[in-house]
2 protein chains.
Amino acid sequence: MSDTKQKILDTAERLFAEQGYSATSLRQIIADAGVNLAAVHYHFGSKEELLHEVVTRKAAPVNAKRLAMLDRSEALHAPDPPPIEEVLHAFLIPMAESAERNRQFVRVMGRIIADGMLPTILEKTFHDVLVRFVSALRRGVPDVPDEEFRWRVLFMQGAMAHAMCGHGAEGYFLSRVEHLTRFLVGGFRAPAAQPVAATDPVEVER
Amino acid sequence: MSDTKQKILDTAERLFAEQGYSATSLRQIIADAGVNLAAVHYHFGSKEELLHEVVTRKAAPVNAKRLAMLDRSEALHAPDPPPIEEVLHAFLIPMAESAERNRQFVRVMGRIIADGMLPTILEKTFHDVLVRFVSALRRGVPDVPDEEFRWRVLFMQGAMAHAMCGHGAEGYFLSRVEHLTRFLVGGFRAPAAQPVAATDPVEVER
DNA sequence: GTCTATACTGAGATAGAC
DNA sequence: GTCTATCTCAGTATAGAC
């Protein structure tokens, strides 16, 4: 990789982590990196593609570790599905460990979410991983109907996103994983389609 | 309210719902509304303030209904805390009903979240409501330690945010409320601070 | 008080010379 | 591959008409 490209990537990662994606202009990046503005578009095409490369460069090893942990967990319990605690751990712990080693990465991710770039980046970088983990979770809660399960996956994504960028994104990420896992396990294992509020007087009245 | 101001608000709400906040330029709004660019800054001061007024105009009655439902629920169960199912319903149902009547509002909210404007808008518009509901929830799960509870509130916010803007934001919002309530109740009532994965072989190995 | 016309600054993107 | 110059479009600010 050319020296120019490397400098752009490193500088962009630092500034995105410090200020967020939208708040960081290409002109600031190229000034700090000491390169020319057009070099960004030559090497990356656009600001969004630059962000994409910043993310994937760090996310790739995390995702590899996630899949490795999931593989082991599935092999260990085969032919039964692994308990969803383990599935969630396999997803969350590699990210948390990366966060301890490289504080900047998780901050970039948090900033992406806060900047609303999540859907674009998420689909490009995490699609394959998500598919694997969602199907593992699916096998772990066989009693939950399909539609309910799909909703719960969506709720889980929201909870994870907030967990990552929430206030105090500095502190011990591994302890946060424990909190989050307990919460998600409770949510996924909750009884499905029970008329929870059938006798709810507040609701009946409306 | 002046006709110009009204036209700007209506047009902005429609375009924000259709395209999102960042993707909608002030120039597009004023072109569609048939007013002058400077009128926006005269009446609202900035694009962000315009969004703020678009949101509060619709959110105010929703929040009022939320608090009314919570009041009734608390009075009904006093001196005991209301079950968290009812608290969550009191929060979610008014928004869902508003969504059925005015599809555009919930789409604006979803777009705000997707655009990352959530923290700013949320604090300004929903702060008081959030305080009331969080303390009601707190009383509903007395066994959960404080720190764990605070995390769960954060996870809940994330799940709610995703639930609102998630794919299929068109369909029956009220059924979505039921799915979400069950998930959140499960998460909040999950056993706290249990070493879920203490014997997790995948984790022990690291 | 309201609104119009216009100018200012900074953003991302691009064409073309070297 | 790299860089200069330029383009378009954004949000914002101001002067002044009614």
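Each chain gets a letter, A, B and so on, in the order its sequence line appears, and its residues count up from 1. Values reported hereafter were calculated over all heavy atoms of this structure, with side chains retained and with hydrogens, waters and symmetry mates removed.
Contact annotation: B:Tyr42 side-chain N/O to C:dT2 OP1/OP2 distance is under 4.0 Å. The shortest distance between the side-chain N/O atoms of B:His41 and the OP1/OP2 oxygens of D:dT12 is below 4.0 Å. Contact annotation: A:Ser25 side-chain N/O to C:dA11 OP1/OP2 distance is under 4.0 Å.
Atoms NZ (A:Lys47) and C1' (C:dA11) sit 8 Å apart, rounded to a whole Å. In this structure, A:Lys5 places its NZ atom 9 Å from P of D:dG1, rounding to the nearest Å. Between the CZ atom of B:Phe44 and the P atom of D:dG11 there is a distance of 15 Å, given to the nearest Å. Between A:Leu26 atom CG and D:dC7 atom P there is a gap of 20 Å when expressed in whole angstrom units. Between the CG atom of B:Leu37 and the P atom of C:dC8 there is a distance of 16 Å, given to the nearest Å. If you measure from atom CD1 of B:Ile8 to atom P of C:dT4, you get 9 Å, rounded to the nearest angstrom. Protein atom CG of B:Asn36 is 16 Å distant from nucleotide atom P of D:dA15, rounded to whole Å. Remark: P of C:dG12 and CD of A:Gln28 are 10 Å apart, rounded to the nearest angstrom.
Between B:Asp146 and B:Arg138 there is a salt bridge, with a side-chain nitrogen of the basic residue lying less than 4.0 Å from a carboxylate oxygen of the acidic one. Note on B:Asp10 versus B:Arg57: salt bridge recorded, some NZ/NE/NH1/NH2 to OD/OE distance being below 4.0 Å.
In plain terms, the two heavy atoms of A:Thr125 and A:Asn63 that are nearest each other are O-ND2, 3.4 Å.
Listed nucleotides: D:dG11, C:dA13, D:dA13. Nearest to the side chain of B:Ala38: D:dA13. Closest to the side chain of A:Ser2, out of D:dT2, C:dA5, C:dA13, is D:dT2. Of the candidate nucleotides D:dT4, C:dC3, D:dG11, C:dC3 has the atom nearest to the side chain of B:His43.
The side-chain tip of B:Lys5 points at the ring of B:Phe44 from less than 6.0 angstrom away and within 45° of straight on.
Residue contacts for A:Ser22: at a heavy-atom cut-off of 4.0 Å it reaches no nucleic acid atom on any strand shown.
Side-chain atoms of A:Arg27 come within donor-acceptor range of the base of C:dG12, with a qualifying N/O pair under 3.5 Å.
In this model, a donor atom of one side chain and an acceptor atom of the other lie less than 3.5 Å apart for B:His77 and B:Glu86.
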